[in-house]
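What follows is a set of notes on a single structure, which appears directly below.
Note that the structure is predicted; figures quoted are calculated from it, not measured.
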Amino acid sequence: MRVRGKTGYTLLFAGMLLILSVCVRIGGNAPPEAEPPEDGVSVEASFRQEDGEALRESTVRVSTEEDSVDYQLDGSGALAVSGLPRSGTLTLTVLDHQGRIRGATNLTFSEGAVIDASTDSGGDGHITLKQDTREIALMFLLQEDGTILCALRLEPA
């Protein structure tokens, strides 16, 4: 295409400005993107024996299908873990100071309308998180038979 004279260049320039202004408006009016949700949930957990005493000198193993991580309980039987899955199942195993299994449970995480934590009759824990939940405080109670009960912790450890 050949442009002739000043009028042709003016029309070409005006057309380019029109196209550019439309592109800027389309991009400028786009709604801001929502922040992506954080991956996982942080759990502050307290571990007790059936008689209420804090578990001491114990390790908690958190296992998913991909890997497993061991956490040493502090002197009050507590630990904090971040990056746990918001959905799916993991296995929680309590080990004594010699590495022997004292108890284990499967924990299933899901999203729902309320925050809840409970243990079913089969001994598996179920944790429900609201969509915006980033942190949750849980209490685990190790029974003499090796089952672990799971509940929300409503008061400080």
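Contact of the Thr128 side chain with the Phe109 side chain is not registered, since no non-hydrogen atoms from C-beta on lie closer than 4.5 Å. The shortest side-chain heavy-atom distance between Asp124 and Leu107 does not fall under the 4.5 Å cut-off. Contact annotation: the side chain of Asp116 approaches that of Ser118 to within less than 4.5 Å [non-hydrogen atoms, C-beta and beyond]. A 4.5 Å side-chain heavy-atom check between Asp74 and Leu79 finds every atom pair outside the cut-off. Looking at heavy atoms from C-beta onward, Thr59 lies out of side-chain contact with Tyr71 at the 4.5 angstrom threshold. Using a 4.5 Å cut-off on side-chain heavy atoms (C-beta onward), Thr91 and Thr105 make no contact.
More than 12 heavy atoms of other residues, nucleotides or ligands sit less than 6.0 Å from atom CG of Leu152. Under a cut-off of 6.0 angstrom, the local environment of CD in Glu65 is sparse, with at most 12 non-hydrogen atoms contributed by other residues, nucleotides or ligands. Within a 6.0 Å sphere centred on CD of Glu135, heavy atoms belonging to other residues, nucleotides or ligands number 12 at most.
A pairwise comparison of heavy atoms in Ala54 and Ser76 identifies CB-O, 3.4 Å as the closest pair.
In this structure, CG on Leu142 lies 9.5 Å from CZ on Phe47, to the nearest 0.5 angstrom.
Judged purely by distance below 3.5 Å, without hydrogens or angles, the side chains of Thr89 and Thr108 pair a donor atom with an acceptor atom.
When atom types are taken as modelled, the side chain of Glu50 and the backbone of Glu144 share a donor-acceptor pair closer than 3.5 angstrom. One N or O on the side chain of Ser58 and one on the backbone of Arg56 form a donor-acceptor pair closer than 3.5 Å.
Classification of Arg102 and Asp96 as a salt-bridged pair fails, no side-chain N sitting under 4.0 Å from a carboxylate O. With respect to the salt-bridge test (charged N to carboxylate O, under 4.0 angstrom), the residues Arg86 and Glu111 qualify.
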Derivation and outcome, side chain to side chain contact (heavy atoms under 4.5 Å, CB included), residues Thr119 and His126: CA-CA 6 Å; Thr119 304; His126 299 277; over 6 Å; no
